[in-house]
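These notes are about the structure you will find just below.
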Amino acid sequence: MPVFLNTAMAVPSAMNDRLNVIILKQSDYREKDVLLSVLSREYGKISFTAAGARKITSRNSASLLPYTSARFLFDYHPGRTMFHLRTAETISLRRHLHEDLNASAAAAVLCECADALLLPGEQSASAQMYDLLEKGLDRLDHGDDMTSVLALYLADVLRISGMAPDVDECTVCQKKEVSALSVQAGGFLCREDAAKLGVPASSAADLKRFRLICKAGLSHFDAVIQAGGASWEDTVILVDFLHQYGSIALQSFRFLQEICAH
């Protein structure tokens, strides 16, 4: 059964639409087909069936790998979020993400996050999420610091989704002088409120770094790296914020933690 889109969604005037997408997820469908979840700037998250994509002779298969940017040709039908793919052309394969296990696992976190946050056909944040995901995947593909890419991407995702940590003042009393960070409290805490809530104090350096990550975002990646980059604990805290306030448990992050522990 097709899922109906928001009526505010832009409607192209012709069939045989061409659309630039990022492949979020691929799954087997029937004997030789695949199902694709993709992200586009224009239509947000939509799905495709790709007939024969698992055949050795398929001309589309190389363009349908997760983390790939591709240009799809398909017949657009207003009111749907599931389409049949006609042809696919690779824009960016991001080969490193398929050859390096850590980079691939980190890319999976980025894509799962976008997939979990966006409803099919939702357009309110689709352009922002598309641009952010593209930047994050490109950074990982270029071999940039994985932990910093993850932390800055998650900080941007939380901001776009209205779940950003409060890093300007104590979330309880609004004092500017802070000494702790609490996911449950929504951000920074002053010394007194941290003591009341039983939250251990954080170092000034840790709080300063976390605030920079939340304020800078991925667009200021180089500045964050120059300041020392993100820590793994920063990334874990941001994942916890996503779980606490978005009810999103990233399975791919658990896998990343496992392989990074070895």
Side-chain angles (χ1 to χ4, degrees), residues 19-28 34-41 45 48 50 53-54 56 58-72 85 87-118 127-157 213 216-232 234-236 238-239 242 250-262:
L19 188 67
N20 291 354
V21 303
I22 299 173
I23 313 298
L24 300 177
K25 185 169 58 178
Q26 182 195 103
S27 55
D28 294 345
V34 297
L35 288 175
L36 301 166
S37 177
V38 309
L39 179 60
S40 70
R41 297 185 91 257
K45 184 179 75 171
F48 284 86
R54 294 165 59 203
I56 298 177
S58 172
R59 292 179 294 176
N60 290 330
S61 59
S63 301
L64 306 182
L65 296 172
Y67 329 136
T68 298
S69 289
R71 183 173 295 110
F72 281 10
L85 177 67
T87 62
E89 173 188 354
T90 301
I91 298 173
S92 177
L93 177 62
R94 301 189 176 93
R95 187 177 301 278
H96 179 63
L97 303 185
H98 302 285
E99 296 175 343
D100 183 271
L101 181 59
N102 285 358
S104 179
V109 174
L110 269 57
C111 287
E112 183 186 355
C113 191
D115 191 40
L117 279 169
L118 294 173
Q128 285 180 289
M129 286 298 297
Y130 182 93
D131 292 341
L132 177 62
L133 180 59
E134 185 175 52
K135 288 178 184 176
L137 292 174
D138 285 344
R139 286 283 183 186
L140 292 174
D141 188 46
H142 295 155
D144 290 333
D145 181 63
M146 179 189 74
T147 301
S148 295
V149 172
L150 283 169
L152 292 167
Y153 175 87
L154 289 166
D156 277 334
V157 163
I213 291 165
L218 197 56
S219 60
H220 297 285
F221 177 86
D222 292 335
V224 173
I225 291 297
Q226 289 176 5
S231 72
W232 185 253
D234 295 325
T235 304
V236 172
L238 290 164
V239 169
L242 191 64
L250 297 174
Q251 299 298 322
S252 54
F253 187 70
R254 294 181 185 177
F255 176 70
L256 179 61
Q257 286 180 303
E258 290 177 2
I259 63 174
C260 287
H262 297 290

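Computed from a predicted model, the values in this text were never measured in an experiment. Hydrogens, waters and symmetry mates are skipped; everything else that's a heavy atom, side chains included, is used.
- For residues 108-118, the salt bridge (charged side-chain N to carboxylate O under 4.0 Å, His left out) pairs, not counting sequence neighbours, are Lys25-Asp115, Lys45-Asp115.
- For the pair Thr68/His98, a side-chain contact is recorded, criterion being any heavy-atom separation below 4.5 Å from C-beta on.
- The two residues Leu256 and Ala105 have their closest heavy-atom pair at CD1-CB, 3.6 Å.
- Among residues two or more places apart in sequence or in another chain, the side chain to side chain contact (heavy atoms under 4.5 Å, CB included) test is passed with Asp222 by Arg139.
- Ring geometry, Phe48 versus Phe72: the interplanar angle exceeds 60°, so the pair is classed perpendicular (tilted spans 30 to 60°).
- In this structure, OH in Tyr153 is found 10.0 Å from CG in Leu140, a value given to the nearest 0.5 Å.
- Every residue meeting the side chain to side chain contact (heavy atoms under 4.5 Å, CB included) condition with Ser219, not counting sequence neighbours, appears here in chain and number order: Lys135.
- With rounding to the nearest 0.5 Å, the separation of CG in Leu93 from OG in Ser63 is 8.0 Å.
- Between Cys113 and Leu110, the closest side-chain pair of non-hydrogen atoms is not below 4.5 Å.
- Here Ser104 pairs with nothing under the side-chain hydrogen bond (donor to acceptor under 3.5 Å, both in side chains) rule; sequence neighbours left out.
- Taking 4.5 Å as the limit, some side-chain heavy atom of Ile23 sits within range of a side-chain heavy atom of Val38.
- In this structure a side-chain-to-backbone donor-acceptor pair under 3.5 Å is present from Ser148 to Ala230.
- When every heavy atom of Thr235 is checked against every heavy atom of Thr147, the shortest pair comes out as OG1-O, 3.4 Å.
- In this structure, the side-chain hydrogen bond (donor to acceptor under 3.5 Å, both in side chains) partners of Asp138, at least two apart in sequence or on a different chain, are Arg94.
- Legend: residues meeting salt bridge (charged side-chain N to carboxylate O under 4.0 Å, His left out) with Asp131, ordered by chain and number and at least two apart, are Arg41.
- Residues Leu85 and Leu64 are in side-chain contact: their nearest non-hydrogen atoms beyond the backbone lie under 4.5 Å apart.
- Here the side chains of Leu133 and Leu24 are in contact, with some heavy-atom distance below 4.5 Å.
- Residues Trp232 and Leu150 are in side-chain contact: their nearest non-hydrogen atoms beyond the backbone lie under 4.5 Å apart.
- With values rounded to the nearest 0.5 angstrom, Leu117 atom CG is found 5.5 Å from Leu242 atom CG.
- Nearest heavy atom pair, residue Leu152 against residue Gly217, reads CD2-O, 3.6 Å.
- Among all heavy-atom pairs drawn from Asp141 and Arg95, the shortest one is OD1-N, 3.6 Å.
- How far CG of Leu137 is from OG of Ser92: 8.5 Å, rounded to the nearest 0.5 Å.
- Residue Glu258 holds its CD atom at 11.5 Å from CZ of Phe253, rounded to the nearest 0.5 Å.
- Remark: the backbone N or O of Ile213 is not paired with any side-chain donor or acceptor of His220 at under 3.5 angstrom.
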**Request:** Could you walk me through whether Phe255 and Val109 pass the side chain to side chain contact (heavy atoms under 4.5 Å, CB included) test, one step at a time?
**Result:** CA-CA 9 Å; Phe255 176 70; Val109 174; over 6 Å; no

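- The two residues Asp100 and Asn102 make their nearest non-hydrogen contact at OD1-N, 3.2 Å.
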**Message:** side chain to side chain contact (heavy atoms under 4.5 Å, CB included) for Met129 and Val157? Distances and angles first, verdict last.
**Reply:** CA-CA 8 Å; Met129 286 298 297; Val157 163; 4.1 Å; yes

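- Using a 4.5 Å heavy-atom cutoff, the side chains of Tyr130 and Asn20 are in contact.
- Considering every non-hydrogen atom in both Ala108 and Ser252, the closest pair reads O-OG, 3.5 Å.
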